[in-house]
Structure formats: C-alpha cells, structure tokens
Asker: 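Before anything else, here's the structure in question.
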Amino acid sequence: MLPTPSPFYYLAHFHQALDWLSLREGLLAPEDALWIARFRRQPQDAQALLIRLTMRSPAHFRISRLDYPEIDISLAVNTLTDLGWIAQDHLLTPSEAFHLLRKAELDALHGAQPTKQAHWSVMAGRSDQTFHQWARQHDCLTLTIRDQLDRLRLAFFGNLHQGWESFVLEELGITRFPKIEMDMSCGFEDQQEFESCWQAHQLFEQWEVVKSRRKVPRTLIAQAIALPNQGPTLRRLRSKLLASMARHAERQAHYSLALSLLNESSYEAARLRSIRCLEKGGQTEQAWRLALQTRCFYQADSERDSVFRMLPRLSKALGKTWPRISRHQPNGVEVFTELNGRPEPTAAQWLDRDGGISLFSENRLFTTLFTLHFWDVIYAPIPGAFFHPFQAAPADFQHPDFVSRRSELWSQGFEQLKTDAGRQILWNYHRQFGTTAWGVDWRLSAEHIELALHCISADHLSAIFQRILMGHRKGMPDLIRFFPAQKSYELVEVKGPGDALQPHQRQWMRYFDQYGIPNRVCWIRDLADAV
DNA sequence: CGCCCCCCCG
DNA sequence: TTCACACCATCCG
DNA sequence: GATGGTGTGTCTCGGGGGGGCGAC
Ligand SMILES: [Mn+2]
Ligand SMILES: [Mn+2]
C-alpha cells in the first residue's frame with residue numbers, strides 16, 4: 001500500500017518490462033531490439049511522454065491539454081517528433097477531428113450549431129483536407145508508433161488485453177495476482193510463433209473494420225488462411241479468425257467460401273457450421289454424411305446435441321427415416337406471479353417461502369469453489385505456465401493438454417475432495433482472499449462458502465468439478481437454494497415468460513439428473529394466465 | 001447550475 | 001476484450 | 001421446436017475532472 005515513490009513510476013515499470021524482454025533473447029525480432037536500444041538512449045522526458053501517451057486510448061491529442069507536471073512537454077514533443085514517433089501534421093479523419101475538437105472550436109470553424117452532435121452531419125461530408133489544415137495550424141499531436149509498443153506488450157503479456165497499468169495496480173494493492181515462481185519462458189515458443197500471433201492480431205483488427213462492409217475481403221481472407229497453424233495459442237487465434245470470416249460468408253450465402261474457411265478452423269462449432277453450410281448450399285447428402293460422422297466423433301456435448309437436432313431434418317430431406325429420440329426433460333415448477341424487474345430475484349423470493357435460502361450465482365459459486373479446491377493444481381509452477389506477474393490463470397489454461405499435463409495433481413485433488421469435506425476450500429478462501437484468480441468471485445462471503453459446503457455433498461461437488469474441468473462453464477442454473485437443516489440444496493434455472501432453456505443449460509440439467517443433483521426449472525407465468 | 005458520461009490517474 | 005445470457009422474429013410440422 | 005439475429009451488462013478500483021447538455 002506504499003505510495004509509488006517516483007513521479008516517473010510508469011516509466012520505471014516500462015523499463016522493468018524491457019529488462020524482462022531483454023532476458024528472453026530470440027523472442028523479439030532484431031528490429032524490435034534496435035528500437036528498444038534507441039528508446040533507452042532518449043532523454044527521460046521523451047521516454048516518459050511516449051509511455052504516458054501509449055497508456056491512453058486515443059491516437060490524437062492536444063498538446064495544450066497534456067497535463068504531466070513531471071515532464072517537460074515541449075522538450076519531449078520535439079524529441080519525439082524528430083524521432084518520428086509522434087507527428088504534428090497528421091491527417092485527421094472527420095471522426096477523429098470531431099472527437100479532438102471542442103464544441104466552441106467547431107462553432108468557430110463551421111458556424112454555430114445548437115449541440116456538438118449537430119456538427120457531425122456537417123462534418124461527415126467534408127473532405128479530410130479541412131481538418132488537415134486545421135491540425136497543422138493547431139497543437140494536434142498523433143502517436144504514430146503504437147504498433148511498435150503493442151508488439152512489446154504482446155511479447156510481455158502474451159496477449160493484447162493487458163496493459164502496462166497492471167504494474168501500478170499491483171503495486172497499489174488494487175489487484176493481487178497469485179505469487180507464483182516464474183520461469184524464463186514467455187507466451188510464445190519462438191520468434192516465429194510470436195511473429196505469427198502478432199500478424200493474427202493485426203488481421204483480426206483489420207477484419208473487425210472490414211467485416212461490416214458487404215464486399216468479400218479476398219486478400220484478408222487469403223492472409224488469414226496462410227497463417228501458420230503451429231502451437232495451441234496460434235491455432236486458437238487463427239481458428240477464431242477463420243470461423244468469424246466463415247460466419248460472415250455464410251450470412252452472405254457464400255457457402256463454398258465458408259466451407260473452405262471452416263475446414264481450416266478447429267473452432268468448437270466449426271463442424272456444425274459446415275453442416276449448415278452444406279445444407280443451405282443444397283449439398284444435403286454431404287451434410288447428412290458429415291452429421292452422421294459428427295454424431296459418433298463429437299468433441300463436446302453441444303456438438304452432439306446440435307447434430308441430433310439436425311439429423312431428423314436432413315434424413316427427411318433425403319427421404320430416409322430417422323428414429324425419433326425423446327429428449328431429456330428437466331423437472332419444472334410453474335409460478336404465477338407479478339413480474340417487475342429481473343425474474344431471478346422474484347423467483348427466489350417466491351420460492352424461499354418454503355424456508356430455503358436462495359443465492360443468485362449462476363456459474364460464479366461453482367467456479368469459485370472449483371478454483372479454491374484445486375488452487376495448488378491450477379497454480380502449480382509447471383514449465384511455461386507462469387512467466388509474468390499478472391496472470392490470473394496459467395498460460396496453457398485453454399490448451400487441449402491443460403488437464404493431461406497435470407493429471408497426477410488432478411487425481412490427487414479429486415481424491416482429497418472425498419475426505420476433506422471442504423477444508424481445502426475454506427483454507428484457500430481465507431489464505432488467498434482477494435487474490436485475482438480465475439473463476440473466483442470474492443463477493444461471495446465466507447458464510448456463503450460454508451453454507452455451500454454444509455449443504456452440498458462431496459460426491460456432487462466432485463461431479464460438477466469434473467464437468468467444469470472438461471471445459472464446461474456456461475449454463476449453470478441461476479439460483480442455488482440451500483436447506484441447511486436438511487443438509488440439502490437445489491439448483492433452479494429461472495425462466496421468465498417468453499424465455500426458453502438454452503442448449504448449455506439443458507446439458508447441465510441432464511448431467512445433474514445423471515448424478516442425482518437436485519435441479520428444476522422455475523417457469524414464471526403471467527398472473528393473468530392463471531385465471 | 002447540476003447532472004452525466006467518458007476517460008484518466010495512481 | 002469478448003462473452004454469457006435474455007429476448008425476439010421467423011419458419012416449420 | 002429449430003434457428004438465428006439482436007440487445008444488454010460488464011470490461012478487475014474508486015475518485016475526479018473535463019466537457020456536453022438540458023433545466024431553470
Ligand atoms: Mn441466468
Ligand atoms: Mn434464467
């Protein structure tokens with residue numbers, strides 16, 4: 001909780017990251033290393049301003065509105081401009097100009113308007129040249145080197161959704177990531193993988209911009225397909241990108257393009273989309289064959305369930321017969337009550353007249369218990385799993401071999417669950433309280449946890465943990481209702497009028513019934529229908 | 001003038 | 001940096 | 001019932017400032 005001593009704390013943090021990077025040779029390209037060396041030679045003011053700007057969201061700034069007392073702004077701006085890392089005569093698009101200029105300035109430029117928003121319709125039509133002139137005459141500053149700094153961010157964090165502010169948040173105790181022995185690994189096998197991941201992120205960014213347009217971006221698609229497919233990180237990124245592109249092609253009825261993209265993607269639902277594309281493209285026979293294959297070699301319950309919904313339709317289209325298979329029917333209760341606000345609290349209140357204690361937790365309770373019980377497994381210092389100090393989960397958490405690489409530890413954990421009656425969970429709850437960890441919601445009180453452990457048997461916990469471990473996290477029922485006197489509980493999915501069970505919710509309920517875990521659906525009906 | 005939204009700061 | 005969920009529209013048997 | 005499209009909350013904290021905007 002000590003205040004950060006230096007006014008240049010953020011620059012010190014960035015240097016820590018640079019030191020981290022320089023210890024991992026062969027990760028960055030030679031040009032990156034040269035850039036870093038050049039950065040290190042610059043005066044402190046220039047370094048500091050550059051880092052300040054990269055930690056802010058826009059690309060364009062007004063120099064007069066930069067308020068950093070620790071920095072000699074004009075010295076820094078001159079240095080950075082000479083280096084070409086920022087520009088003062090950058091072309092502004094109308095949208096950028098709209099955000100950068102204040103209403104009074106727009107009034108002066110284009111005549112007064114009642115609101116700033118009213119300027120937009122005028123500006124959208126103007127040529128960029130207007131604002132280019134304006135930018136040159138005023139104190140606009142554009143950060144032109146964000147890509148270089150983003151590369152370093154990707155190299156350090158292994159992703160682009162964390163930023164340099166992680167350092168200060170941790171230092172101030174706002175976040176508290178698990179303290180795990182780090183090794184000298186990083187998020188990437190080698191420079192090749194890093195480079196490809198960087199490229200994949202770039203393509204994703206371009207795709208996000210382009211995909212709203214109607215035209216099919218052939219070159220972008222070709223580049224995405226050409227991405228190498230080595231290593232789980234890159235495979236995931238590439239598969240996601242290709243699946244997103246395929247979905248777009250499918251919506252525009254470009255089925256053969258969609259199919260070739262899906263064929264390259266190992267995204268979870270890729271095969272299902274392929275079947276739909278074949279079906280919609282008139283290749284019913286092929287769709288049927290792929291569906292039959294998928295029925296036997298499915299990867300997840302969701303894939304199996306979907307294909308069982310498709311097969312009757314496809315069979316019928318081909319004049320074949322398909323046996324009617326009755327679907328699992330979860331238990332339900334109808335509640336007639338007036339509904340104002342969210343249905344879950346209403347249902348909880350209504351149901352609790354039987355003395356139960358409801359908690360509206362969805363996935364949160366069980367993922368919390370899961371991580372607390374398996375803390376030492378999840379945060380085991382496996383080689384390559386932890387490499388920077390701000391990880392809420394091991395780097396291979398999403399990888400296919402996450403479980404098998406720790407199989408001994410998992411079975412020990414499940415063994416321990418049989419005998420220790422939640423001691424592990426409570427111990428970690430108190431020992432780790434507040435630590436940023438995957439799945440853990442610290443708003444759950446110790447009483448909640450104790451109540452859960454009192455009411456839920458170890459067998460049930462174990463069954464639920466098994467399924468979470470297989471990668472199923474979505475779709476847990478809205479409410480858990482405790483009956484401490486009976487040492488029992490039930491899980492309730494609340495459905496308002498006009499809502500229906502989602503596939504993932506059905507799967508959980510089917511699973512609960514297999515293991516004797518009490519569950520039901522609470523259907524809230526309109527009071528008027530009761531009469 | 002008060003409110004709200006967005007963004008920044010540490 | 002999405003993702004999980006609710007809600008709604010459409011078509012079908 | 002199947003399918004798919006859209007909307008919504010949340011984006012690790014809590015405090016504060018700038019600016020837009022409508023009410024008075
Ligand atoms: Mn829910
Ligand atoms: Mn619900």
Side-chain angles (χ1 to χ4, degrees), chain A residues 1-10 12-13 52-53 55-58 61-62 65-70 98-107 113-120 157 159-177 201 204-205 208 237 240 244 247 250-251 268-269 272-273 275-276 279-280 305-314 316-317 324 327 342-344 360 362-364 367 390-393 434-443 472-478 493-506 524:
Chain A
M1 294 293 177
L2 292 172
T4 305
S6 158
F8 291 101
Y9 67 93
Y10 51 92
H13 293 152
R52 280 287 198 191
L53 296 182
M55 291 173 70
R56 294 178 55 173
S57 50
F61 305 88
R62 302 292 293 275
R65 270 187 266 164
L66 296 176
D67 181 22
Y68 299 119
E70 78 278 14
F98 178 75
H99 290 292
L100 200 56
L101 274 69
R102 281 185 289 217
K103 179 174 180 299
E105 291 169 326
L106 287 174
D107 284 343
Q113 294 280 352
T115 65
K116 189 182 184 191
Q117 200 58 42
H119 277 289
W120 178 240
F157 290 104
N159 62 60
L160 281 175
H161 58 262
Q162 288 176 285
W164 308 121
E165 74 284 358
S166 304
F167 285 85
V168 72
L169 291 177
E170 186 75 7
E171 217 164 78
L172 292 168
I174 291 167
T175 56
R176 270 173 34 223
F177 283 92
H201 276 107
F204 237 118
E205 217 173 276
E208 287 300 321
L237 258 178
K240 231 170 118 177
S244 169
R247 193 84 177 114
E250 183 190 340
R251 289 200 176 116
E268 194 188 86
L272 292 172
R273 295 321 319 164
I275 298 172
R276 286 294 286 144
E279 187 186 4
K280 287 193 275 187
D305 284 6
S306 300
V307 94
F308 268 101
R309 285 200 304 270
M310 293 169 159
L311 272 167
R313 186 178 66 237
L314 291 168
K316 197 186 162 210
R324 179 153 170 70
R327 213 163 51 154
R342 298 203 58 172
E344 294 89 352
F360 179 17
E362 289 181 330
N363 303 315
R364 297 197 320 272
T367 53
F390 315 109
Q391 290 182 241
T435 303
T436 308
W438 179 87
V440 178
D441 185 347
W442 294 111
R443 287 170 301 185
H472 298 103
R473 301 189 286 268
K474 320 186 269 192
M476 293 275 270
D478 294 317
E493 172 55 39
V494 180
K495 286 295 164 198
D499 194 8
L501 283 173
Q502 293 173 35
H504 286 103
Q505 296 171 333
R506 287 187 175 280
I524 296 187

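Letters A, B, ... mirror the listed sequences (proteins, then strands); counts begin at 1.
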Asker: Starting the side chain at C-beta, find the nucleotide from D:dG5, B:dC7, D:dG19 nearest to A:Arg65.
Answerer: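 It is D:dG19.
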Asker: Can you tell me how far P in D:dT12 sits from the matching atom in B:dC8, rounded to whole Å?
Answerer: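 It comes out at 14 Å once rounded to the nearest Å.
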Asker: Rounded to the nearest Å, what distance is computed from the NE2 atom of residue A:His99 to the P atom of nucleotide B:dC5?
Answerer: 17 Å
Asker: Find which nucleotide of DNA chain D each of A:Arg273 and A:Thr115 is nearest to by heavy atoms, and output the residue with the more 5' nucleotide.
Answerer: A:Arg273
Asker: Give me the distance, rounded to whole Å, that separates D:dC11 from B:dC6 when you measure between the P atoms they each carry.
Answerer: 14 Å
Asker: Determine whether the side chains of A:Glu70 and A:Tyr10 contain a donor N or O and an acceptor N or O closer than 3.5 Å.
Answerer: yes
Asker: More than 12 heavy atoms of other residues, nucleotides or ligands under 6.0 Å from CD of A:Glu165: yes or no?
Answerer: yes
Asker: Any side-chain N or O of A:Tyr68 less than 4.0 Å from the OP1 or OP2 oxygen of B:dC9?
Answerer: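 For A:Tyr68, the contact criterion (side-chain N or O under 4.0 Å from OP1 or OP2 of B:dC9) is met.
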Asker: In this structure, how many angstroms lie between the C1' atom of B:dC7 and the CZ atom of A:Phe61, rounded?
Answerer: 11 Å
Asker: Check every atom of C:dA6, D:dG5, B:dG10 against the side chain of A:Arg247 and return the nucleotide holding the closest atom.
Answerer: D:dG5
Asker: In this structure, how many angstroms lie between the P atom of D:dT3 and the CZ atom of A:Arg251, rounded?
Answerer: 16 Å
Asker: Can you tell me if A:Lys280 has over 12 outside heavy atoms packed within less than 6.0 Å of its NZ?
Answerer: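 Correct, the count exceeds 12.
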Asker: Rounded to the nearest angstrom, tell me the gap between atom CG in A:Leu66 and atom P in D:dG17.
Answerer: 19 Å
Asker: What's the CD-C1' distance between A:Gln502 and D:dT8, to the nearest Å?
Answerer: 13 Å
Asker: Name the closest nucleotide to the A:Gln505 side chain, picking from B:dG10, D:dG4, C:dA6.
Answerer: C:dA6
Asker: At what distance, to the nearest 0.5 angstrom, does CZ of A:Phe390 lie from CH2 of A:Trp164?
Answerer: 9.5 Å
Asker: Whole Å only: how far is the CZ atom of A:Arg473 from the C1' atom of C:dC3?
Answerer: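 Taking CZ of A:Arg473 and C1' of C:dC3, I get 11 Å after rounding.
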Asker: Mind calculating the distance between CG (A:Asp499) and P (C:dA4) to the nearest angstrom?
Answerer: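 Taking atom P of C:dA4 as the reference, CG of A:Asp499 is at 17 Å.
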Asker: Nearest to the side chain of A:Arg56, heavy atoms from C-beta on, is which of D:dG4, B:dG10, B:dC8?
Answerer: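 It is B:dC8.
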Asker: Any idea which of B:dC8, C:dC5, D:dG4 is nearest the A:Ser57 side chain?
Answerer: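 The answer is B:dC8, which lies nearest to the side chain.
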Asker: Which one, D:dT3, D:dC21, C:dT1, comes nearest to the side chain of A:Arg309?
Answerer: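 Among the listed nucleotides, the one closest to the side chain of A:Arg309 is D:dT3.
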Asker: Please compare A:Glu279 and A:Ser166 by the position of their nearest nucleotide in DNA chain D and report the one closer to 5'.
Answerer: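 With A:Glu279 and A:Ser166 compared, the 5'-side residue is A:Glu279.
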Asker: Using atom C1' of each nucleotide, how far apart are C:dT1 and D:dG15 to the nearest Å?
Answerer: 24 Å
Asker: OP1 or OP2 of D:dG9 sitting under 4.0 Å from any side-chain N/O of A:Arg342?
Answerer: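 It does not, given that no N or O in the side chain of A:Arg342 lies less than 4.0 Å from OP1 or OP2 of D:dG9.
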Asker: At under 4.0 Å, does any side-chain N or O of A:Lys103 touch on OP1 or OP2 of D:dC21?
Answerer: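 False: A:Lys103 side-chain N/O out of range (4.0 Å or more) of D:dC21 OP1/OP2.
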Asker: Counting side-chain heavy atoms from C-beta on, which of C:dA4, C:dT1, D:dG19 comes nearest to A:Asn363?
Answerer: C:dA4
Asker: If pairing requires Watson-Crick or G-U wobble contacts with both distances under 3.5 Å, which nucleotide is the partner of D:dG18?
Answerer: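 Partner of D:dG18: B:dC5.
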Asker: Using a cut-off of less than 4.0 Å, is there contact between a side-chain N or O of A:Tyr10 and OP1 or OP2 of B:dG10?
Answerer: no
Asker: Of all the choices, D:dG4, D:dG19, D:dC21, which nucleotide is nearest to the side chain of A:Arg102 once you look at every atom?
Answerer: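 Nearest nucleotide to the side chain: D:dG19.
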Asker: Could you tell me the separation between the NZ atom of A:Lys495 and the P atom of C:dC7, rounded to a whole number of Å?
Answerer: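 Distance, rounded to whole Å: 8 Å.
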Asker: Under 3.5 Å, is there a donor on one side chain and an acceptor on the other for A:Gln505 and A:Lys495?
Answerer: yes
Asker: Which nucleotide wins on minimum distance to the side chain of A:Arg276, given the candidates D:dG4, D:dA2, B:dC7?
Answerer: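 Closest nucleotide to the A:Arg276 side chain: D:dG4.
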Asker: Look at A:Arg52 and B:dC8 and indicate whether a side-chain polar atom (N or O) is within less than 4.0 Å of OP1 or OP2.
Answerer: no
Asker: Would you mind checking if A:Arg62 and A:Glu105 are paired as a salt bridge, meaning a charged N to carboxylate O distance below 4.0 Å?
Answerer: yes
Asker: By the 4.0 Å heavy-atom rule, please label A:Arg176 as base, sugar-phosphate, or nothing.
Answerer: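 If one applies the 4.0 Å heavy-atom cut-off, A:Arg176 turns out to touch nothing in the nucleic acid.
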Asker: I want to verify a distance call: between C:dT1, C:dC5, B:dG10, whose nearest atom is closest to the A:Lys240 side chain?
Answerer: C:dT1
Asker: Distance check: side-chain N/O of A:Gln162 vs OP1/OP2 of D:dT12, anything under 4.0 Å?
Answerer: no
